[in-house]
Engineer: 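First the structure, which I've put down as structure tokens, then a few questions once you've had a look.
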Amino acid sequence: MRLLVTNDDGIFAEGLWLLVEELARVAAVTVVAPDREQSGVGTAVSLGRPLRMKPVMPLVAGVEAFAVEGTPADSVILAFHSLGAEDLGMVVSGVNAGANLGHDTLISGTVGAALQGYFFGLPALALSVAALKHPQFGPAAILARLLVTTIMAQEERCPFLLNVNLPNVALEELRGVALTRPGQRSYTELVEESQDSKGRVLYRILRGQPTADMVPGTDVWAVRQNCVSLTPLRGDLSMEPYLAPWEGMIPSLWEALQRPVG
Ligand code: MN
């Protein structure tokens, strides 16, 4: 079985190659990742745009590596197209520099890449370490190897999407592994205005301080406790239990739609 490894920090990111080094000990690995940093692009797919995929020199011996001129999701789609889906057993995305917790899960390129693997019917892991500066990728890479070994040993592999976040601590400082749900963590985006040389306004969207309520059982809570957070996700965005408030609106909406004048 071959593992497809990708990320959103770009093909030469340190976190990717530390992960590959660990995974190559237990399985054949192919790396297909964006040729540059793509953090925050979420599930974006470059529809209709011509994309290049170039072989690059691997930083770990015995591993094939390709750089894609596109998003993390593009990388996974092109990997399946070029390498053949039958050979690929699992998709591992990361290790990302920076946590992907709470609402961030939806804009994360790391999770966006793993989601494509899940859509192709494979087990998929997204791995992140909660630090942008001086992230310690080692514990996440070791954990990834252990998860992959466990999953490969199962007789029947079901597709799943697991979002894994680690606090930025050494292995011996970890306090446990917690099975979690996404918490309510969001950022207040700051918009900074400046001017270009012709006096036209330029906007830059910047990250503010995250707000989080530390509800036990959530991913944000687990990482704050110095625990590994394992969050199983699903691609089904249905709000089925919450249809009731909408139901009362439907008849009048339909009626109004048939007589749209005024
Ligand atoms: Mn990133």
Side-chain angles (χ1 to χ4, degrees), residues 3-23 29 31-46 51 56 59-60 65-79 91-118 124-144 147 161-169 182-183 185-187 189-190 204-210 212 219-220 222-223 228-231 233:
L3 304 174
L4 172 62
V5 179
T6 189
N7 75 349
D8 80 352
D9 289 339
I11 188 140
F12 294 113
E14 189 194 349
L16 178 109
W17 287 100
L18 283 173
L19 174 65
V20 170
E21 205 174 352
E22 278 294 330
L23 296 181
V29 174
V31 176
V32 184
D35 64 355
R36 68 203 77 182
E37 209 215 311
Q38 295 275 346
S39 296
V41 304
T43 57
V45 175
S46 308
L51 300 173
V56 297
L59 302 187
V60 171
F66 301 89
V68 170
E69 209 180 7
T71 67
D74 292 340
S75 303
V76 175
I77 293 169
L78 293 193
V91 174
V92 186
S93 178
V95 178
N96 189 60
N100 282 304
L101 301 165
H103 298 165
D104 258 4
T105 307
L106 290 171
I107 69 157
S108 161
T110 308
V111 177
L115 184 66
Q116 282 299 330
Y118 174 74
L125 294 177
L127 296 139
S128 308
V129 171
L132 291 168
K133 279 185 192 155
H134 311 298
Q136 303 186 47
F137 296 114
I142 292 167
L143 175 69
L147 284 168
L161 177 58
L162 187 67
N163 187 28
V164 182
N165 280 273
L166 288 90
N168 192 37
V169 297
R185 168 157 129 151
S186 56
Y187 291 84
E189 255 80 27
L190 306 170
R204 262 155 62 95
I205 301 173
L206 302 169
R207 272 293 162 88
Q209 283 300 311
D219 52 1
V220 259
V223 170
V228 174
S229 166
L230 301 184
T231 316
L233 299 172

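In each ligand, atom 1 is the first atom listed, and ligand 1 is the first ligand listed.
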Engineer: Okay, side chain of Thr43, backbone of Gly112: is any donor-acceptor separation there less than 3.5 Å?
Structural biologist: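 Absent.
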
Engineer: Do any N or O atoms from the side chain of Ser128 and from the backbone of Asn96 form a donor-acceptor pair under 3.5 angstrom?
Structural biologist: no

Engineer: Check whether Asn168 reaches the backbone of His134 with its side chain - one donor and one acceptor, N or O, closer than 3.5 Å.
Structural biologist: yes

Engineer: Using a 3.5 Å distance criterion without hydrogens, assess whether the side chain of Asn165 forms a donor-acceptor pair with backbone atoms of Asn100.
Structural biologist: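 Indeed, once roles are kept as given, a pair shorter than 3.5 Å links the two residues.
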
Engineer: Within the stated cut-off of 2.8 Å, is an N/O/S atom of Asp8 closer than that to the Mn ion (ligand 1)?
Structural biologist: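 It does: Asp8 brings an N, O or S atom closer than 2.8 Å to the Mn ion (ligand 1).
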
Engineer: Which angle, to 10 degrees, forms at the Mn ion (ligand 1) with OD1 of Asp9 on one side and OG of Ser39 on the other?
Structural biologist: 90°

Engineer: May I ask you to check whether Gln38 brings an N, O or S atom to under 2.8 Å from the Mn ion (ligand 1)?
Structural biologist: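 Gln38 does not place any N, O or S atom closer than 2.8 Å to the Mn ion (ligand 1).
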
